[in-house]
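These notes are about the structure you will find just below.
Residue numbers start from 1 in every chain, and the chains themselves are labelled A, B, ... in the order their sequence lines are given, proteins ahead of strands.
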Amino acid sequence: MVEVLPIDLRSRRTAIELLTDPELVEKELVVAGWAEHIRVIGRLVFIVLRDRTSRIQLVVRKNLSQEAWKLARKLSVESAIAAKGVLKENDEAPGRRELVVHELIILSDAEPLPIDIREPEKTILAKRLDYRYLDLRNDKIRLIFKIQADIAGIYRETLRDKGFTEIFTPKILGAASEGGAEVFTIIYFKREAFLAQSPQLYKQLGVISGLERVFEIGPVFRAEQHHTPRHLTEYTSMDYEMGFISDFNQVMDVTEAFLKNATKKIIDKYGDLLGKYYPDALLEPVKEIPRMPLKEVQEILRREYGKEYPPGEDLDTEGERLLGEFLEKEYGYKAVFITKYPWGPRPFYTMPCICTENPGEECCRGLKPDTPTCSFDLIFRGLEVTTGGQRQHNYECLLKQVENKGVNPETLSWYIEMFKYGAPPHGGAGTGLERVVKQILGLKNIREARLLPRDPERLTP
RNA sequence: GCCGUGGUAGUAUAGCCUGGCUUAGUAUGCGGGCCUGUCAAGCCCGUGACCCGGGUUCAAAUCCCGGCCACGGCGCCA
């Protein structure tokens, strides 16, 4: 038996149509959505109905439809409902229009809500995440994910326009690829396998394969027990890799184009809402991104804040934050590329600067922790959002670098082999999507920027 | 992983320091009632809580230990 609803949802109109379409006034219309507010005023019930587009007020009068009125006065907040009625103009209605209802059905009744969805900041984030589907009923929260989707879209657009091909690489790996970050071990039938912590090696495969310019937007996994507002164990990495570059500035150009594009388009589209909902949101697009060698940055931090860094040391969290503050205050810069990181903290495939200045087999001999490399980080509003650089494409040098880092070449044999067959000079970068979203919106915690975050404790929902 | 702080109704908090003065306070939600122009509606009535385990004590929300969880700092990282 098929149950036929008394209201046909195929003729459903959206709230925004009811509010704006001049043709619809005085017409009989169907709407459906969630009952956001229910106000019972005696023989009169006001329901604010919310759908994906907007909200429209429904008025249910006892003298018009006793049946609908009875349902309406007992309706619970956030129930899914559908209504049929006549659209009227009324100065007292929000948006100056309301639907005078003569038929109402409850599609799905809602129990009392376990969290306050009207003001999300009143409930602790952990509780909101337990009920994320209810948390998202709030416009302000849904906005985060609309912006996230757009940022991923802008990344895709930016790279396609530059001739990059989107690829999809494995996330289940037979060998832990990069070292550095901890990897998750999983059981793959009867064998041990690993979750990808980065698409790095596969992006390079994409370049060498002849695609030349590739990108990927996909999940990566980091088995690190961080308890910070900027780490997740699973996040979305936006990566690209490009061949036939003359130096790593060309790589930074791509990341720079993306960040400028993203901030401009997001602010153009959502600037008003950002200002209204997120007091710390970025309201000015990123215009200029200076490129400063790490040594210079450390010199500034020493001079301005008295921070000391031994040679071959990366910045610490405080240093990143202070640098962001300083550049913003002094020059109005929202973002900065820190370049020429020393070999010590960088992975084995990183291109040492001496190899680009004086190519040859000798260039990668005797790399020391403080040897500068053609690599960079992008700090956006005081937080590292991107890491990138030029990669070593010389087979002999690569072997030396693998050895220098103490990586077992056998687990990487397929990768190292590639460099015997015409690997062009190349480089690329990886950007954390959630970090970009966090920094644009000025969110306090990265978990807010992930639909269903995973951290060392949380595995549900 | 180390360090710090915290865990009280559905939600958010007060009480904890100085154990008994508490029938655990407040706001909001929720249930019931009144109301034909509400718009975070209003008014009246009602409902509901000390994270788990152990210990100290005549007596534990309160003090001690362990666990779990949360938030943050650091290392590290996108």
Side-chain angles (χ1 to χ4, degrees), chain A residues 36-48 55-64 69 72-74 76-78 88 90-96 98 100 110-131 134-135 178 180-182 197-200 218-239 255 313-321 341 345-347 377-380 383-388 429-439 444-447 449-450 455-459:
Chain A
E36 189 168 84
H37 300 283
I38 300 127
R39 291 185 277 266
V40 181
I41 315 291
R43 283 167 282 175
L44 189 60
V45 182
F46 296 100
I47 300 168
V48 175
R55 354 180 109 62
I56 181 80
Q57 175 163 284
L58 314 181
V59 196
V60 189
R61 295 179 199 280
K62 190 182 183 187
N63 62 7
L64 220 80
W69 176 79
R73 65 189 294 274
K74 291 293 162 198
S76 58
V77 170
E78 288 302 313
K88 296 277 185 187
N90 185 334
D91 286 347
E92 284 174 291
R96 299 183 149 228
E98 63 189 9
V100 179
E111 287 188 18
L113 305 185
I115 58 171
D116 185 344
I117 61 169
R118 202 143 50 182
E119 288 177 271
E121 47 288 324
K122 285 198 168 173
T123 304
I124 56 171
L125 183 58
K127 190 78 80 179
R128 285 167 45 203
L129 293 175
D130 289 339
Y131 296 96
L134 293 178
D135 191 40
E178 260 193 69
E182 289 292 316
Q197 49 178 195
S198 152
Q200 182 57 35
V220 295
F221 307 90
R222 303 273 166 102
E224 291 175 325
Q225 304 220 1
H226 300 295
H227 295 98
T228 78
R230 61 188 181 282
H231 286 95
L232 295 164
T233 52
E234 177 184 28
Y235 69 91
T236 303
S237 185
M238 304 188 292
D239 277 86
T255 294
E313 279 271 303
D314 195 351
L315 289 188
D316 52 6
T317 311
E318 190 192 25
E320 270 174 28
R321 208 196 67 235
Y341 274 83
R346 292 308 219 192
D377 277 3
L378 175 65
I379 312 292
F380 176 36
L383 178 66
E384 182 179 334
V385 297
T386 301
T387 295
T431 299
L433 173 60
E434 293 82 357
R435 283 197 174 180
V436 173
V437 173
K438 172 180 183 285
Q439 293 310 90
K444 297 264 182 304
N445 193 314
I446 197 163
R447 285 160 241 234
R450 177 102 187 153
D455 62 39
E457 279 75 35
R458 181 175 290 275
L459 267 175

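Of all nucleotides present, only B:C65 satisfies the Watson-Crick or G-U wobble test against B:G53, with each distance under 3.5 Å. Checking B:C76 for Watson-Crick or G-U wobble geometry (two distances, each under 3.5 Å) identifies no partner in any strand. When Watson-Crick and G-U wobble pairs are counted only if both distances are under 3.5 Å, B:U13 pairs with B:G25. Shown here, B:G4 forms a base pair with B:C71; the pair counts as Watson-Crick or G-U wobble because both key distances fall under 3.5 Å. Judged by Watson-Crick or G-U wobble contacts below 3.5 Å, the nucleotide B:A40 has no partner.
Residues A:Glu434 and A:Arg450 are paired through a salt bridge, judged by an N-O separation under 4.0 Å between the basic side chain and the carboxylate. Ionic pairing of A:Arg55 and A:Glu36 is present here: one or more N-O contacts between side-chain nitrogen and carboxylate oxygen are shorter than 4.0 angstrom. In this structure, A:Asp116 does not pair ionically with A:Lys127, as no charged nitrogen and carboxylate oxygen lie closer than 4.0 Å.
Taking only side-chain nitrogens and oxygens, A:Thr317 comes nearer than 4.0 Å to OP1 or OP2 of B:G75. Considering only side-chain N and O atoms, A:Arg230 lies nowhere under 4.0 angstrom from the phosphate OP1 or OP2 of B:C76. When the side-chain nitrogen and oxygen atoms of A:Arg435 are compared with OP1 and OP2 of B:A78, none of them lie within a distance under 4.0 Å. Residue A:Thr387 places at least one side-chain N or O closer than 4.0 Å to OP1 or OP2 of B:A78. A:Lys127 has a side-chain polar atom (N or O) that falls below the 4.0 Å cut-off from OP1 or OP2 of B:U11. OP1 or OP2 of B:G72 sits under 4.0 Å from a side-chain N or O of A:Asn445.
Nucleotides B:U57 and B:C16 are separated by 24 Å at their P atoms, to the nearest Å. Atom name C1', nucleotides B:U23 and B:C34: the rounded distance is 30 Å, in whole Å. B:U47 and B:G10 have their P atoms separated by 15 Å, with the value rounded to a whole Å. Atom C1' of B:G6 sits at a distance of 15 Å from the matching atom of B:C50, rounded to the whole Å. Taking the P atom of each, B:G25 and B:U36 are spaced 36 Å apart, rounded to whole Å. Rounded to whole Å, the separation between the P atoms of B:G19 and B:A60 comes to 13 Å. When the P atom is used for both B:C3 and B:A9, the distance is 29 Å, rounded to whole Å. B:G15 and B:C21 have their C1' atoms separated by 13 Å, given to the nearest Å.
The residue A:Thr386 sits close only to the backbone: its heavy atoms come under 4.0 Å of sugar-phosphate atoms, none of a base. Residue contacts for A:Glu111: at a heavy-atom cut-off of 4.0 Å it reaches no nucleic acid atom on any strand shown. If you check every strand for non-hydrogen atoms under 4.0 Å, A:Glu36 touches nothing. At the heavy-atom level, A:Pro114 lies under 4.0 Å from the strands shown only through sugar-phosphate atoms. Using a 4.0 Å heavy-atom criterion, one finds that A:Glu119 contacts the bases of the nucleic acid, with or without backbone contacts as well. If you check every strand for non-hydrogen atoms under 4.0 Å, A:Pro229 touches sugar and phosphate atoms only. Nucleic acid contact class of A:Ile124 (heavy atoms, under 4.0 Å, all strands): sugar-phosphate only. Counting any heavy atom pair closer than 4.0 Å across all strands shown, A:Asn90 reaches a base atom. Contacts of A:Val40 with the nucleic acid, taken as non-hydrogen atoms under 4.0 Å apart, include base atoms.
In the set B:A12, B:C77, B:C30, the nucleotide with an atom closest to the side chain of A:Val77 is B:C30. Checking B:A78, B:C76, B:G75 against the side-chain heavy atoms of A:Thr228 singles out B:G75 as nearest. For A:His227, counting side-chain heavy atoms from C-beta on, the closest listed nucleotide (B:C2, B:U38, B:A78) is B:C2. Closest to the side chain of A:Arg118, out of B:U36, B:A40, B:A12, is B:A40. Distances were taken from every side-chain heavy atom of A:Ile41 (C-beta onward) to each of B:A78, B:U38, B:C76; the shortest belongs to B:U38. Closest approach to the A:Glu457 side chain among B:A70, B:C35, B:U38 is made by B:A70 (side chain taken as heavy atoms from C-beta onward). Of the candidates B:C35, B:G72, B:C76, the closest approach to any side-chain atom of A:His231 belongs to B:C76. Distances were taken from every side-chain heavy atom of A:Lys74 (C-beta onward) to each of B:U36, B:A78, B:G32; the shortest belongs to B:G32. Nearest to the side chain of A:Ala126, among B:A78, B:C77, B:A70, sits B:A70. Among the nucleotides B:C77, B:U11, B:C71, the one closest to any side-chain atom of A:Arg222 is B:C77.
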(message) Is there a side-chain contact (heavy atoms from CB on, under 4.5 Å) between A:Val45 and A:Ile38? Walk through the geometry before answering.
(response) CA-CA 7 Å; A:Val45 182; A:Ile38 300 127; 4.0 Å; yes
(request) Give the intermediate values and the outcome of side-chain hydrogen bond (donor to acceptor under 3.5 Å, both in side chains) for residues A:Arg118 and A:His37. (result) CA-CA 10 Å; A:Arg118 202 143 50 182; A:His37 300 283; 3.3 Å; yes
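In this structure, A:Phe221 atom CZ and B:C77 atom C1' are separated by 17 Å, rounded to whole Å. In this structure, the CD atom of A:Glu224 is 14 Å from the C1' atom of B:C74, given to the nearest Å. Look at CG on A:Asp455: it is 13 Å from C1' on B:G72, rounded to the nearest Å. Summarising the geometry, the separation between CZ on A:Phe46 and P on B:U38 is reported as 7 Å, rounded to the nearest angstrom. Here B:C68 presents its C1' atom at 14 Å from CZ of A:Arg458, a figure rounded to the nearest Å. With rounding to whole Å, A:Ile446 atom CD1 is found 18 Å from B:C76 atom P. Spacing between atom CG of A:Leu129 and atom C1' of B:C71 amounts to 13 Å, rounded to whole angstrom units.
Donor-acceptor pairing under 3.5 Å is recorded for the side chains of A:Arg222 and A:Tyr235. Side-chain atoms of A:His227 and A:Glu457 include a donor-acceptor pair closer than 3.5 Å.
Where A:Lys122 and A:Arg346 each meet RNA chain B at their nearest nucleotide, the meeting point lying more 5' is that of A:Lys122. Of the two residues contacting RNA chain B, namely A:Glu434 and A:Lys444, the nearest-nucleotide position lying further toward the 5' end is that of A:Lys444.
Not a single donor-acceptor contact under 3.5 angstrom links the side-chain atoms of A:Arg447 to the base of B:C71. Between the base of B:C76 and the side chain of A:His226 there is a donor-acceptor pair shorter than 3.5 Å. A donor-acceptor contact under 3.5 Å is formed by the side chain of A:Gln57 with the base of B:U38.
Taking OG1 from A:Thr233 and CZ from A:Arg458, the interatomic distance works out to 11.0 Å, rounded to the nearest 0.5 Å. Taken from OG1 in A:Thr386 to CE in A:Met238, the straight-line distance is 7.0 Å, to the nearest 0.5 Å.
When side chains are defined from C-beta on, A:Val60 does not count as touching A:Leu44, because their heavy atoms never get closer than 4.5 Å.
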